[in-house]
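Quick caveat, the model's predicted, so the values are computed rather than measured.
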Amino acid sequence: EHFKKSVQVKKNISSNDFSLQNLQNGGNCSLFELVDVFTNWCIKDKELLTSFIPTLTPNIPNEIKENQKLIDQFYLDYSLIRICHKASKMGKNVQYMYDQLDDDNSGSLDKEEIFNGLKDKFNIFFSDIEADNLSTYLDGEGNSGGIKKESRLNYLWHNYSENYYHKYLITESRFIELLLIEWDQYLKRTNEKLMKKFVEFDDNGDGVLTFEEFEQLMINLEKTMERDRISELFGETLEMDENGTDLDKMNPD
C-alpha cells in the first residue's frame, strides 16, 4: 500500500503489476520496492545488507540483451536511479547527496566515498564494481564540485519518477535463487563467527568447551541469560553431536 501511494508511474502502467504481491504470485517486482522493504527488515544487519542487496540486479530487457554497451548503460542507470530514489524519499536532491558524500570537500568522489558514504549515510548498498563504475562515471563527466546540469545523473533525477520504476524488475525465480545463495553465504559467515567465539572461550586450548567455558561464552553473547537456560542449551547441543563421546564437553562440530 505504501508503494502504491508513494510511487508515480506512467498512466498506462499499474503499480500492482510490479508489487511484492505480484512477486509472490510468480510475477515481476520492482527492485526499488523490494530493496526498500528488505533494507527496512534487516536494517540492523549491515553485513547482510552489504552482502545481499548488491546481488539484486534487474532483469535485462530482451531488446538490449545482445548489446553489451547498452547493458552496461542499463546497469549504470540503475545505480544512478537508486541514488535519485533515495534523494526523493528524503525530500532532498542529488546535489545534496553528492555534497554529503564528498567527505574531503575535494569536489570529486572516489570509490571509498561512494561505497562507504552511500552505505553509512543513506543505507544504499553497492558492490565494489558498482562503486568503481560510479566513480569512473562521475570523473568522466567532470562532476567536480557538483552535478552538472547536462549530466546523466541530473537528467535521471528530473525524469526517473515518471517512467523508471517499471523498467527495473526482478522475477520470483531470480529472487529465490539469489536468496538461497545468500543464505548459504550467511551460514558460512555465521559458522566462522561461532568458531572464533569457540576458540576465544576455550580457555585451556584443548579444543573442547566445558560447561563453565560454554557458560562464559553465552553470557558474553547475552548477558541476561539465566544459568538454567544455558544448561539446557548445553545439553541440547551435546545431544546433537552424534559423534561425541564425552557428555561433559562440547567439540567445535
For this session: Measure up the Phe32 and His85 rings against each other and bin them: parallel (under 30°), tilted (30 to 60°), perpendicular (over 60°).
Result: tilted
Problem set entry | Residue list, side-chain hydrogen bond (donor to acceptor under 3.5 Å, both in side chains) with Gln216, at least two apart or on another chain | none
For this session: Please name all residues satisfying side-chain hydrogen bond (donor to acceptor under 3.5 Å, both in side chains) with Asn62, sequence neighbours left out, ordered by chain then number.
Result: Lys65
Seminar exercise, completed: Residues at least two apart in sequence or cross-chain that pass side-chain contact (heavy atoms from CB on, under 4.5 Å) with Glu200, listed by chain then number, are Lys197
Problem set entry | Derivation of the side-chain contact (heavy atoms from CB on, under 4.5 Å) call for Leu233 and Met225 | CA-CA 11 Å; Leu233 289 173; Met225 186 174 290; 3.9 Å; yes
Exercise. Are the ring centres of Phe126 and Phe115 closer than 6.0 Å?
Worked result: no
For this session: Spell out, as yes or no, whether a donor-acceptor pair under 3.5 Å connects the side chain of Lys121 to the backbone of Gln100.
Result: yes
Exercise. Is a salt bridge present between Asp36 and Lys89, judged by a nitrogen-to-oxygen distance below 4.0 Å?
Worked result: yes
Exercise. Can you say whether the rings of Phe122 and Tyr96 are parallel (under 30°), tilted (30 to 60°) or perpendicular (over 60°)?
Worked result: perpendicular
Problem set entry | Glu182 bridged to Arg189 by N-O distance under 4.0 Å | yes
For this session: Indicate, with yes or no, if the rings of Phe52 and Tyr186 have centres closer together than 6.0 Å.
Result: no
Problem set entry | Lys/Arg-Asp/Glu bridge criterion (N-O < 4.0 Å) met for Arg229, Glu232 | yes
